[in-house]
Structures are given as C-alpha cells and as structure tokens.
Amino acid sequence: MNVHEYQSKQILASFGVKVPMGFPAFTAEEAVAAAEELNAPVTVVKAQIHAGGRGKAGGVKVVKGLDAVREAAQELLGKTLVTKQTGPQGKVVHRLLIEAGASIEKEYYLSFVLDRKLGRVVMIGSASGGMEIEQVAKINPQAIVKEVIDPAVGLLPFQCTRMAFALHLAPKSIKAAKKLMNGLYRAFCAKDCTLAEINPMVVTTDGDVMALDAKLNFDDSALFRHPELEKLRDAGEEDAKEREAAKAGLNYVSLGGDVACMVNGAGLAMATVDMIKYYGGEPANFLDVGGDSTPEKIATAFRIMLEGGQAQGIFVNIFGGINKCDVVAEGIVKAAQEVAGGNAMPVPVVVRLEGTNVERGREILTHAGVGNLYMAKTMEGGAEQIVSMVKKTNEVCEEQIA
C-alpha cells in the first residue's frame with residue numbers, strides 16, 4: 001500500500017525525522033489558508049499523486065505570495081499529470097501539499113529497503129539526491145552506498161556515521177543526519193514498510209538535515225496490524241481491479257496488455273506471464289487465485305479480468321494440488337453463466353489443467369457446452385494458442401477500423 005507524500009511526512013515526523021512545515025489542501029481556498037498559516041517567504045505547492053517525477057511533469061510550483069499560491073493551486077487541482085511512473089494515461093490531481101520553502105545547500109538520497117536476496121534491510125544512500133535512484137545506479141553505480149543491517153541488532157551508530165562520511169556530509173551536519181537515519185529506520189520497522197525513501201534528503205544553508213520529499217510503501221500482508229495506516233488509503237489512486245481482487249482474496253496485478261491469465265501459485269503465474277511474452281503476447285495481468293479456490297472465487301476472477309474490455313483473450317493455467325481441477329472447471333462454467341448467460345465466453349479462453357482431479361475437470365469443461373472455450377494439453381501450447389488468437393482478433397479489428 002502506498003500513501004501520499006504529506007502522509008508519509010506526518011508519519012516520519014512522529015519518529016523524529018525533520019520535515020518542512022506543511023499542510024494538505026483539497027481546494028484553492030484551503031491552499032491559500034495553509035500558506036497564510038505558514039507565513040513563509042517562499043511557498044511550495046506540490047501535487048499529491050501516487051507517482052514519482054511530479055516535478056518534471058509540472059506538478060511542483062515554487063511561488064511567492066498568496067495570489068501566486070492560489071493561481072498554482074487552481075492550475076494543479078484537476079490537472080492530469082503524466083510522469084514516467086503514471087504511464088501515458090496519467091493521474092488526476094485531487095489534493096495538494098502546501099509547504100514552506102527550504103534554503104537548500106545540497107541534496108542527497110536516503111532509503112531503507114528490504115533486500116529479498118540478502119534477507120536483510122539495507123540502508124541506501126547517495127550524494128546524487130533528487131535523481132531517480134535507478135538512473136543513478138545505471139549512470140554512476142559508484143555513487144550508491146549501502147549498509148546491510150543485521151536484524152538481531154538493528155541499525156548501529158557506526159553504520160550511520162559511516163554512511164554520513166560516505167556521503168561527504170560536513171561535520172556540522174553529521175549529528176542531524178544520524179538522527180534522521182535512525183528515525184527513518186524506526187519508522188520502517190514499526191510500520192512494516194517495504195520501502196522508506198527520502199529523495200531528496202537536504203542539508204540546509206544553516207547545516208540542518210531534513211526530508212524534502214518522502215515516500216513510504218507498506219507491506220499489504222501486515223496491514224492487519226496497522227488500522228491507522230488503512231485509514232490513509234486513497235482508493236482513487238489505486239487500480240480498481242486490484243482493489244476488487246484484494247477484497248475477493250485474489251492476488252492481482254495489472255500489467256497493461258491484452259492477454260489475461262489466471263493461475264494458481266505465484267511461481268507458476270510468473271512463468272505463465274513470461275511464456276505469454278515469449279510467444280509475442282502482452283500480459284494483461286498477474287493473477288494468482290491461491291490454493292483455496294471455490295467456483296465462486298474463480299467466477300469472480302473471470303469477471304475482474306473481463307472488466308473494462310482490456311482482455312482480448314484469457315489463458316487459464318492450473319496445476320492442481322490443494323486447488324482441484326474440477327473445482328476450477330466448475331468456476332469457469334459458472335463464470336460463463338454470469339458473463340455470457342452460459343452460451344459462450346466473450347473472448348477466447350484457453351484452459352490447461354493438470355494435477356488433482358484433472359480428468360474430472362476436463363470432462364466438466366468438455367460437456368459444458370460453452371463456446372469460445374478451448375483445451376490445451378501443455379502450458380507452452382496453451383500460451384502459444386491464446387497469443388495467436390488474440391493477435392488474429394486485433395488484426396481483424398484493425399482491418400475493420402481501416
């Protein structure tokens with residue numbers, strides 16, 4: 001789960017991380033009132049969306065005076081920002097952060113992230129603040145400094161000191177930087193974060209250190225421990241299908257293509273997505289139905305995949321273990337009844353079943369009388385078949401448009 005910048009800063013401030021004074025605003029009037037409260041010589045008006053690169057997209061305005069604040073707020077509210085992370089469709093701005101400007105001497109990057117390969121939390125720092133860390137890693141990997149944290153003892157003082165020196169911080173700023181590092185780490189652990197990022201972390205002209213921007217991502221599986229975080233969720237910023245799938249107990253991630261897939265098991269699901277790509281298709285989603293599927297759950301998965309008309313074909317790839325093939329087959333038939341009255345699927349559906357009760361599952365589908373439903377003997381064959389079908393559908397549509 002993601003939250004907005006101003007929410008991240010409120011959380012970090014509660015852990016002793018210094019942030020600029022600021023207030024959220026949902027209207028131009030609220031923005032002006034916030035600027036009056038700040039009474040700062042320079043005010044920053046920042047669009048709040050769940051995506052980076054807002055500054056380059058015109059989503060951050062540095063202004064002087066209340067009239068300029070009002071003008072900036074009116075310009076940003078309702079505007080669609082298109083950044084590298086939003087995709088071409090962009091995201092509409094519905095809220096702002098009105099913040100006091102800071103006198104910046106130097107920008108840095110600092111974050112804590114879970115390194116799954118190491119099985120450790122890692123502190124990452126760079127003197128190239130303000131840039132995307134992926135770009136820094138690509139252009140100048142030597143500029144990235146890492147401190148691997150032992151979970152038995154946590155972040156140690158010498159690691160903070162070593163990071164501060166590696167970033168070439170001035171002696172007068174080291175104490176403040178270490179305090180910020182410790183606060184960020186405590187927030188990361190206490191809130192079950194998968195990422196706690198400050199970009200940029202800035203040193204001001206008077207030597208102070210603060211988080212000029214902040215991003216927190218939380219582990220969805222740990223949200224049951226944090227009802228206070230669930231309240232911060234902005235449903236309008238989340239993918240509607242992903243939100244609906246989560247309520248149904250499905251693991252769904254939108255991928256933007258036109259070949260939908262429904263699989264049981266995360267590993268098989270990733271392999272299925274790769275197989276679709278291998279045969280020249282574009283996966284519409286990652287969907288793991290888990291091991292406790294019921295016909296109703298399978299039908300719900302179909303409905304979600306078909307919503308909005310994105311999917312031009314569906315590949316069902318099931319290896320039955322706890323999840324029985326006959327239960328999946330019953331779910332497919334139920335889905336056909338719900339979305340097409342039981343006659344035919346609205347798009348081609350290729351099904352590959354193996355494992356527990358596979359013969360019974362195949363028998364159910366064979367005698368169901370559902371049109372546009374095809375059986376595949378192998379995973380490779382099924383992926384190739386559905387990609388071919390979707391390509392033919394797209395070609396026909398293009399000819400009709402022409």
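All values below were derived from every heavy atom in this structure, side-chain atoms included, with hydrogens, water molecules and symmetry-related copies excluded. Worth saying up front: this structure is predicted, and the values here are computed from it rather than measured. Numbers here are sequence positions counted from 1.
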Under 3.5 Å donor-acceptor, N2 side chain and N217 backbone:
no
So, E228 and K191, do they make that salt bridge, N to O below 4.0 Å?
yes
So K56 and T83, side chain to side chain donor-acceptor pair (under 3.5 Å) or not? Walk me through it.
CA-CA 8 Å; K56 294 179 181 178; T83 77; over 6 Å; no
Salt-bridge present (K241, E244; N to O < 4.0 Å)
no
Less than 3.5 Å apart, which donor and acceptor atoms pair up between the side chains of residues 148-159 and the rest of the protein, not counting sequence neighbours?
residue	atom	partner	partner atom	Å
D150	OD1	A152	N	2.9
Q159	OE1	L156	N	3.1
Q159	NE2	E147	OE1	3.4
Q159	NE2	V148	O	2.9

Cationic N near anionic O, under 4.0 Å, E5 to K9
yes
With side chains defined as the heavy atoms from C-beta onward, is the minimum distance between R360 and C325 less than 4.5 Å?
no
N/O donor-acceptor pair under 3.5 Å between T300 side chain and E296 backbone
yes
Report the residue from Q48, Q85, K91 that forms a side-chain contact (heavy atoms from CB on, under 4.5 Å) with R54.
Q48
Do N372 and V349 have side chains that get closer than 4.5 Å, going by heavy atoms?
no
Hydrogens and angles aside, do H50 and D234 bring a side-chain donor and acceptor to less than 3.5 Å of each other?
no
Less than 4.0 Å between a side-chain N and a carboxylate O, is that true for K377 and E354?
no
Hey, are the side chains of M21 and L38 touching, using non-hydrogen atoms and a 4.5 Å cut-off?
yes
Does E230 pair with R233 as a salt bridge, N-O distance under 4.0 Å?
yes
For residues 266-291, tabulate all N or O donor-acceptor pairs below 3.5 Å that involve a side-chain atom, not counting sequence neighbours.
residue	atom	partner	partner atom	Å
T272	OG1	L268	O	2.7
T272	OG1	N317	ND2	2.9
K277	NZ	E282	OE1	3.3
K277	NZ	E282	OE2	3.3
N285	OD1	C261	N	3.3
N285	ND2	C261	O	2.8
D288	OD1	G265	N	2.7
D288	OD1	G290	N	2.8
D288	OD2	A266	N	3.4

Under 3.5 Å, side-chain donor or acceptor atoms of residues 112-119 against the rest of the protein: list the pairs with distances, not counting sequence neighbours.
residue	atom	partner	partner atom	Å
D115	OD1	K117	N	3.0
D115	OD1	L118	N	3.0

With a 4.5 Å limit on heavy-atom distance, are the side chains of I332 and M345 in contact?
yes
Would you say the side chain of L229 lies within less than 4.5 Å of the side chain of I11, judging by non-hydrogen atoms?
yes
Taken to the nearest 0.5 Å, the spacing of N182 CG from M123 CE works out to 8.5 Å
Check this for me, if you would: do E134 and K138 make a salt bridge, where the nitrogen-to-carboxylate-oxygen distance has to be below 4.0 angstrom?
no
